[in-house]
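Remarks on the structure that follows.
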Amino acid sequence: MIYRFLSKLATQERLEAFPVPVPGIFPPMRWGVGTVYYEEKMKLMHTNPTTLGVSLYQAPRFDSRPTGVCLRFHKGKETEALPDIWGAECRLFISERVKSVIESVDEMEHEYIPIQWIDAQSAPIQTEQNYYWFNQRRFFSIKPSEHIANPEELNFFPLREEEDFIGRVLDTPSLRDQLEQQPIWQHFRAGEEKFNLKPRCILYMNQTLVNALRDSSITGMDLYSAQYGLGEESLCAF
């Protein structure tokens, strides 16, 4: 089973908090990561000789240059709890609990940049656990097929950037088996000049990781099968 996570906080833009640069630092720390600093620096790990057109990449670390971000609550929302995992403005954020689970099941070294919660006046807010800007570093580039996956067969509405490569996954058992061995990954189109940043909020996970997250009662990723889910439910299976 392959699971697909996309935070409803990211798609519905009903954000209790939103990312901003770290206040009070001049020049400001870099808090966005463009194509020139990310996609173009992907490191090719290997290609799959039995499934042509499928390559595994490792993304660069953000900390090659000073990087920082804060989460600023909307006024009056400071007491509302955020999920353990969610996405906003093409970024992924996770709690200490999610970080611990990922590290326990995944051998790849991902990157976790500490973030500070602040209120509407930029004053720091203390939280019960640490939160991180999550740089997931395992990426697959999968050559698309003519099969355009549709909502009826997926039980969710894929982004345009997902339709054709997911269609190939559905039609290729060897590729599906390969992907089901990976705890967590994302997809990008190698060689394209422009990259749509929205898919950066989409994570794909295998059954082992999802089971571990559920065993730890992680919030923000419950399963749904409707167009917009229910509440913050954001996880689909295909």
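Being a predicted model, the structure only gives us computed values, none of them experimental. Throughout, residue positions are numbered sequentially from 1 according to the sequence presented.
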Side-chain contact, heavy-atom cut-off 4.5 Å: [X] with [Y]?
X	Y	value
Glu111	Gln136	no
His110	Asp106	yes
Ser216	Ile218	yes
Ser141	Met42	no
Cys70	Pro23	yes
Phe62	Trp133	yes
Val54	Thr47	no
Phe140	Tyr57	no

request  = Using the side-chain contact (heavy atoms from CB on, under 4.5 Å) rule, take Gln186 and Leu92 through it: C-alpha gap first, then chi angles, then the decisive distance, then the call.
outcome  = CA-CA 12 Å; Gln186 290 176 280; Leu92 289 160; 3.9 Å; yes
task = Please answer: with hydrophobic residues joined when any side-chain heavy atoms are less than 4.5 Å apart, are Ile148 and Ile2 in the same cluster?
result =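 Per the 4.5 Å side-chain linkage, Ile148 and Ile2 are not co-clustered.
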query = Going only through I, L, V, M, F, W and Y residues with side-chain contacts under 4.5 Å, is there a path from Tyr38 to Leu44?
reply = yes
So, for [X] and [Y], which heavy atoms are closest and what is the spacing to 0.1 Å?
X	Y	answer
Leu170	Ala149	CD1-CB, 4.3 Å
Leu209	Asn206	N-OD1, 3.0 Å
Pro60	Asn135	O-ND2, 3.0 Å
Pro124	Gln116	CB-NE2, 3.7 Å
Pro144	Arg189	CG-NH1, 4.1 Å

message = Show, in sequence, the C-alpha distance, side-chain angles and deciding distance for Ser55 and His46, and conclude whether the side-chain contact (heavy atoms from CB on, under 4.5 Å) test is met.
response = CA-CA 6 Å; Ser55 301; His46 65 75; over 6 Å; no
Between [atom1] of [X] and [atom2] of [Y], what distance do you get to the nearest 0.5 Å?
X	Y	atom1	atom2	result
Gln207	Glu180	CD	CD	9.0 Å
Ile85	Tyr131	CD1	OH	11.0 Å
Ile166	Phe238	CD1	CZ	4.5 Å
Gln181	Arg176	CD	CZ	12.0 Å
Leu6	Ile202	CG	CD1	5.0 Å
Trp117	Ile125	CH2	CD1	8.0 Å

inquiry  = Determine whether Leu203 and Ile184 satisfy the following criterion, side-chain contact (heavy atoms from CB on, under 4.5 Å), listing intermediate values before the conclusion.
reply    = CA-CA 7 Å; Leu203 291 173; Ile184 191 169; 4.0 Å; yes
Can you list everything that forms a side chain to side chain donor-acceptor pair (under 3.5 Å) with [X]? Sequence neighbours excluded, please.
X	value
Ser174	Thr51
His147	Glu153, Asp171
Glu96	Tyr132

task = Would you please indicate yes or no on a ring centroid separation below 6.0 angstrom for Phe93 and Phe134?
result =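 No, the ring of Phe134 stays outside the 6.0 Å limit from the ring of Phe93, centre to centre.
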key: Ring-ring centroid check His187 Phe139, cutoff 6.0 Å   =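 Not close enough - the centres of the two rings lie 6.0 Å or further apart.
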query = Below 4.0 angstrom, N of the basic side chain to O of the carboxylate: do Glu162 and Arg4 qualify?
reply =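 Answer for the salt bridge query: yes.
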inquiry  = Determine whether Leu175 and Ile142 satisfy the following criterion, side-chain contact (heavy atoms from CB on, under 4.5 Å), listing intermediate values before the conclusion.
reply    = CA-CA 9 Å; Leu175 173 56; Ile142 301 172; 3.9 Å; yes
Of Met108, Met205, Arg138, the residue whose pairing with Pro183 passes side-chain contact (heavy atoms from CB on, under 4.5 Å) =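 Single side-chain contact (heavy atoms from CB on, under 4.5 Å) partner of Pro183 among Met108, Met205, Arg138: Arg138.
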message = If the test is side-chain contact (heavy atoms from CB on, under 4.5 Å), which one of Leu213, Ile102, Asp84, Asn130 qualifies with Arg97?
response =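 Filter result, single survivor: Asp84.
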